[in-house]
Asks: 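This is the structure I have questions about; it appears just below.
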There are 2 protein chains.
Amino acid sequence: MKPTVHDIARSAGVSLATVDRVLNGRPGVRAVTRSKVEEAIAALGFVRDLAAANLAKSRTYSFVFILPDYDNSFMKGLRREVVAASERASTERTEIRIVAVPHFDPHALVAALEEVLADKPNGVAFVAIDAPEVREIAAKLNEAGVPMVTLVSDLPASSRDHYAGIDNIAAGRTAGSLLGRFLSGREAKVAVLAGSMLVRDHRERVEGFLAVMAEAYPNLRVLPVIEGRDDSALVEEKVSEAFEVTPDIAGIYSLGGGNRGLLRVLRKVPLEARPVVVAHDLTDATRAALGEGIIDAVLNQDAGHEVRSAVRVLKAKADGLPVIEAQERIRIDIFLKDNLP
Amino acid sequence: MKPTVHDIARSAGVSLATVDRVLNGRPGVRAVTRSKVEEAIAALGFVRDLAAANLAKSRTYSFVFILPDYDNSFMKGLRREVVAASERASTERTEIRIVAVPHFDPHALVAALEEVLADKPNGVAFVAIDAPEVREIAAKLNEAGVPMVTLVSDLPASSRDHYAGIDNIAAGRTAGSLLGRFLSGREAKVAVLAGSMLVRDHRERVEGFLAVMAEAYPNLRVLPVIEGRDDSALVEEKVSEAFEVTPDIAGIYSLGGGNRGLLRVLRKVPLEARPVVVAHDLTDATRAALGEGIIDAVLNQDAGHEVRSAVRVLKAKADGLPVIEAQERIRIDIFLKDNLP
DNA sequence: CAGAATCTGAGGTACGTAAATCAGAAAACT
DNA sequence: AGTTTTCTGATTTACGTACCTCAGATTCTG
């Protein structure tokens, strides 16, 4: 049988109240008595029953998720996952509040975080914008002891407790290797299509991609980065333009949103002239394109995993418990048409 | 505030005892009263507090994990993960018993499962061997209402509740596509290295691989499958032999264990003549080889994820709760040297 | 050595649910 | 009508921990 506080009390020869004082770090216990109790705890291998403790405390967890009100497939999916998590969480004394903020707007994010600071919930998760003012408020939250998880897009490691997202440099490198291998040695031109170089994750993907190109694929010439603002109409326009200027594009790395626009252009390219394409984010559009062979590989981050991970980590931090690192590592999923879920 | 059983009782105008009878499906409630209570439950949106319920019941979960006593890297890792899960589980009123059985021995597995049937734990997970006698005992366990999860290797879907493992046909197909793309169009010979064609997962990988070869890569000639018994010494011997007979092997799909033996041979092959290699299972050896460029891609199943998933599913089944399908899907991880964890 | 300050024990209530007992009410039988 | 059966309410105890109060014991202070 698992030992209980009563067993500790009996074994240490003290009363329940004293055990309770030791366990919860309350004052009023002599050092000698304290260590007697601690020995008994260690000897019996007592571990506090969290469920019972939470019940007694009527502890509830309150978490805040700050999400950009951006309307691309990925963010929509992310919101959906947060809502789903929030519904499940209600059975577990956990309340998840969702706050929407205008996207790419550091000030709006800061304002939302300031409200969080005033509120003092048991944890906060947000899609970070790596700007000085955001780092500043993050430092304040940290100081105030509010567990903090960045979601999808990170801040410097010092100012948050955990990052639930992929390593974007590694993602860029992976895309580079795939493209390089798929193009296998031939002299060719490669286009890079990003959303915006102002966003850290996109910058990092480009960085990783270019590094691999430079290191391993001197045969490939990378054209200037096209910024499509994650907007499929704009993407379509800019990619069309690029094909007019450079008809012999042999490879494309699309690392942002707006892939629908890219696909519209690609479908017009004659089959034999179609470039090798590596894109990000598994959506209905990219999934279909993978199946047709218009896209060759899709890199993906699992929004569901990210959200569940964020909730688990926040809960663990709130309880002062360790996290299972391996479980919380967000992978870069690589999908070919053969391993689609 | 979340409604409690007391609120239900008050709202329905019945006593606590009656609410309890309805909630737990006990007899002794008239149909009219029952539906009154059910209406109140629906109206208030009551959800039973599982933590409190389990506390009151002093419910404990007892799960059995049956693992083959096989000593390759993967099985060692799997056992390690089960042990880790078992340690964590002890804080959550969950006891995980680990049973070792001789590997590839259907009768030993059946014997272990028969013990489980006598024991009636709250759930069982095992690395399945797809043999008639195993299916038979699985059916009995199913009938006895013991939740059952197959781990790594599956049975037909009907006889278990859940499979915590990868889709091996998809894995084979993925390997085939990678190899095909990496070899890009040239006429070449490809070797397939399996552990044993008697094991279902290996058979399925080969099946998927050959299917893709036939569909999409007519330029590649697949040599007869080499069976290395997951034993690195034997693998080394047989692969050496294969290279003697066919010096111009341009691609290798290694889908079983014993990769250390394969690597010993490959390191002797002159750099420019080295084949493209896709292997299974990320171990110290394959990880190092990826880094060196001796292996080009590694397909992996995350043993930690599989074990945690199995535990979550067993718990959910024991509580009659739904599982989050997306969370329990085990991915085929694809590692290049660029996205190693 | 008295008085104050600090420590400790005993006991209780609470959290939300499960499960049991017992008594009374209502319905279904003779 | 009386008897049996079935339903329902009231009440209690329990799970393991948290947290409160109060009294008594011990130590420290002057």
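This one's a predicted model, so the numbers in the text were calculated from it and none came from an experiment. A, B, ... follow the sequence lines: proteins, then strands. Residue 1 opens every chain.
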Asks: Does B/Arg59 make a cation-pi contact with B/Tyr61 (under 6.0 Å, within 45 degrees of the axis)?
Replies: yes
Asks: Does this structure show an ion pair linking A/Arg79 with A/Asp71, if we count only N-O contacts that are shorter than 4.0 Å?
Replies: yes
Asks: Are A/Asn122 and A/Phe63 close enough that some pair of their side-chain heavy atoms sits under 4.5 Å apart?
Replies: yes
Asks: Would you check if B/Leu155 and B/Val134 make a side-chain contact, meaning some heavy-atom pair closer than 4.5 Å?
Replies: yes
Asks: Could you state the CG-C1' distance from B/Asp20 to C/dT21, rounded to the nearest angstrom?
Replies: 13 Å
Asks: Please check this pair: side chain of A/Asp49 against backbone of A/Ala51, looking for a donor-acceptor N/O pair closer than 3.5 Å.
Replies: yes
Asks: With nearest nucleotides of DNA chain D determined for A/Ala51 and B/Arg34 from heavy-atom distances, which residue corresponds to the more 5′ nucleotide?
Replies: B/Arg34
Asks: Can a salt bridge be assigned to the pair B/Asp130 and B/Arg135 using a cut-off of 4.0 Å between side-chain N and carboxylate O?
Replies: yes
Asks: Atom CZ of A/Arg26 and atom P of C/dG9: how far apart are they, to the nearest Å?
Replies: 15 Å
Asks: First and last nucleotide of DNA chain D touching chain A, 5' to 3', heavy-atom cut-off 4.0 Å?
Replies: D/dG16 to D/dT27
Asks: Does B/Asn24 reach a base, just sugar-phosphate, or nothing at all? Heavy atoms under 4.0 Å.
Replies: sugar-phosphate
Asks: With a cut-off of less than 4.0 Å, is there a side-chain N or O of A/Thr18 near OP1 or OP2 of C/dG9?
Replies: yes
Asks: Taking only Lys NZ, Arg NE, NH1 and NH2, and the carboxylate oxygens of Asp or Glu, determine whether B/Arg160 and B/Asp154 approach each other closer than 4.0 Å.
Replies: yes
Asks: Applying side-chain contact (heavy atoms from CB on, under 4.5 Å) between B/Thr18 and each of B/Asp20, B/Val14, B/Leu16, report the one that passes.
Replies: B/Val14
Asks: Can you tell me how far C1' of C/dT17 sits from CG of B/Asp319, to the nearest Å?
Replies: 14 Å
Asks: Report, one pair per line, the protein and nucleotides 12-16 of chain C atoms (nitrogen or oxygen only) whose separation is under 3.5 Å.
Replies:
residue: C/dC15; atom: O2; partner: A/Leu55; partner atom: O; Å: 3.4
residue: C/dC15; atom: O2; partner: A/Ala56; partner atom: N; Å: 3.1
residue: C/dG16; atom: N2; partner: B/Ala52; partner atom: O; Å: 3.3

